Amino acid sequence: MTSRELVNATLEFRNTDGRIPRQLWYLPWADMNHREMVERIHKEYRDDIVEAPTILKTPTQSRGNSCEVGEYVDDWGCRFINIHQGIIGEVKEALIKDEDWLDADRVHIPEELLDFDEEAVNRFCRNTDQFVLSGCCPRPFEQLQFLRTTEELYMDLMYPPQKMTEFISKMHHFYCRLVEKWAQTEIDGIMFMDDWGSQNNLLINPRIWDKIFRPMYKDYIEIARKYGKKSFMHSDGNTKEIYPRMIDLGLDAFNSQIFCIGLDELEKYRGKITFWGEIDRQHILPFGTKEEVTEAVQQVYRKLWKNGGCIAQCEFGPGADPQNVYTVFETWDRLNKAME
């Protein structure tokens with residue numbers, strides 16, 4: 001099977017004789033500090049999932065580099081301050097300052113992102129046998145935090161001002177148009193993200209999540225399905241509260257901190273959703289022995305694989321032991337050979 005066929009078979013739980021598809025995620029930090037290992041993994045364990053290129057015809061208003069020391073301004077006008085090279089910084093000052101959101105009109109909705117080179121995307125898809133994800137990535141909860149700061153947003157969500165509700169509707173309408181335009185290209189899947197979990201629970205009351213954010217994700221998934229595309233989501237932290245909700249919405253693949261949640265907790269969803277990675281970034285990747293890394297991968301396979309339902313994704317980020325990241329892919333490869 002080609003990579004594209006392999007990923008589709010895995011998402012649809014009909015991968016009975018193919019290998020487990022894989023994907024390395026790495027932050028600029030890894031490329032700066034461990035380039036040889038990044039290149040080695042890519043060479044020996046080729047990605048089955050890639051992202052389509054985004055070539056804009058009209059530049060956005062973003063300025064600076066999000067992973068360099070200094071100031072970075074995103075497409076919406078939010079200012080990030082970064083003190084560490086290789087990772088993204090933080091927003092220290094709200095763009096929307098008024099508690100009633102009366103100044104929300106000052107936010108720049110990045111319509112420029114809709115004006116991308118669709119033919120370049122299609123050419124890329126035709127010239128690869130890999131599974132191609134969209135170059136767009138809606139992130140409504142996180143973007144609201146960038147605009148308002150996390151602390152202020154959490155308070156606003158308790159009793160949303162009318163202007164806030166209006167802005168969220170406007171933002172979501174933009175994201176839906178963006179997803180729809182990407183879904184009309186020859187990509188294989190749409191991706192969206194939001195980091196929803198703390199170490200132990202959801203960051204907000206699940207009732208608020210259901211009222212405000214669940215309908216947004218429902219729309220993205222339905223747009224993807226309308227055009228025959230798969231839907232992928234990423235969310236850090238303990239997201240056990242929303243796993244059944246995302247399954248109900250029809251999400252195909254969920255990238256989450258499965259070791260933070262617990263494999264025993266997630267085993268009940270085996271065969272219902274594809275676990276798009278990962279391996280524990282808090283303990284195993286930075287501090288684990290080779291034997292512990294190997295056992296972690298084997299546990300994922302034993303508890304979550306069911307003729308598919310697992311993608312060998314791993315994030316190579318700050319603090320990770322390069323050899324441990326390599327061992328992750330090495331172990332998945334041995335499991336593949338054992339399946340033959």
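Since this is a predicted model, take the numbers as computed values, not measurements. Worth knowing before you read on, the calculation uses all heavy atoms, side chains too, and leaves out hydrogens, waters and symmetry mates.
Donor-acceptor pairing under 3.5 Å is lacking for the side chains of Trp25 and Asn255. For the 3.5 Å distance criterion, the side chains of Asp195 and His234 qualify, holding a donor opposite an acceptor. For the residue pair Thr60 and Asp75, a side-chain donor N or O sits within less than 3.5 Å of a side-chain acceptor on the partner. Asn324 and Glu292 share no donor-acceptor pair across their side chains, judged by distance under 3.5 Å alone. Using a 3.5 Å distance cut-off with no hydrogens or angles, the side chains of Trp276 and Gln23 do pair a donor with an acceptor. Between the side chains of Thr185 and Glu118, not a single donor N or O lies within less than 3.5 Å of an accepting N or O.
The shortest non-hydrogen separation linking Pro215 to Asp210 is CD-O, 3.3 Å. Between Gly197 and Thr239 the shortest heavy-atom distance is N-CG2, 4.0 Å. For Tyr243 against Ser256, the heavy-atom pair with the smallest separation is OH-OG, 2.6 Å. The minimum heavy-atom distance linking Leu95 with Arg106 is given by the pair O-NH1, 3.1 Å.
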Name every donor-acceptor pair, under 3.5 Å, that has one atom in a side chain of residues 200-207 and the other anywhere in the protein, sequence neighbours excluded.
residue : atom : partner : partner atom : Å
Asn205  : OD1  : Arg207  : N            : 2.8

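A side-chain contact (heavy atoms from CB on, under 4.5 Å) with Glu315 is found for one member of Ile279, Leu27, Leu285 and no other, namely Leu27.
Ion pair Asp264/Lys303 flagged as a salt bridge, since at least one NZ, NE, NH1 or NH2 atom sits closer than 4.0 Å to an Asp/Glu carboxylate oxygen. Between Glu267 and Arg270, no side-chain nitrogen of the basic residue sits less than 4.0 Å from a carboxylate oxygen of the acidic one, so the salt-bridge criterion is not met. Between Glu44 and Arg22 there is no salt bridge, since no side-chain nitrogen of the basic residue lies less than 4.0 Å from a carboxylate oxygen of the acidic one. A salt bridge is defined here as a Lys NZ or Arg NE, NH1 or NH2 lying under 4.0 Å from an Asp or Glu carboxylate O, and Asp98 with Lys163 fails to meet this definition.
In this structure, Tyr217 and Phe192 have parallel ring planes: the angle between them is below the 30° cut-off, well short of the 60° mark.
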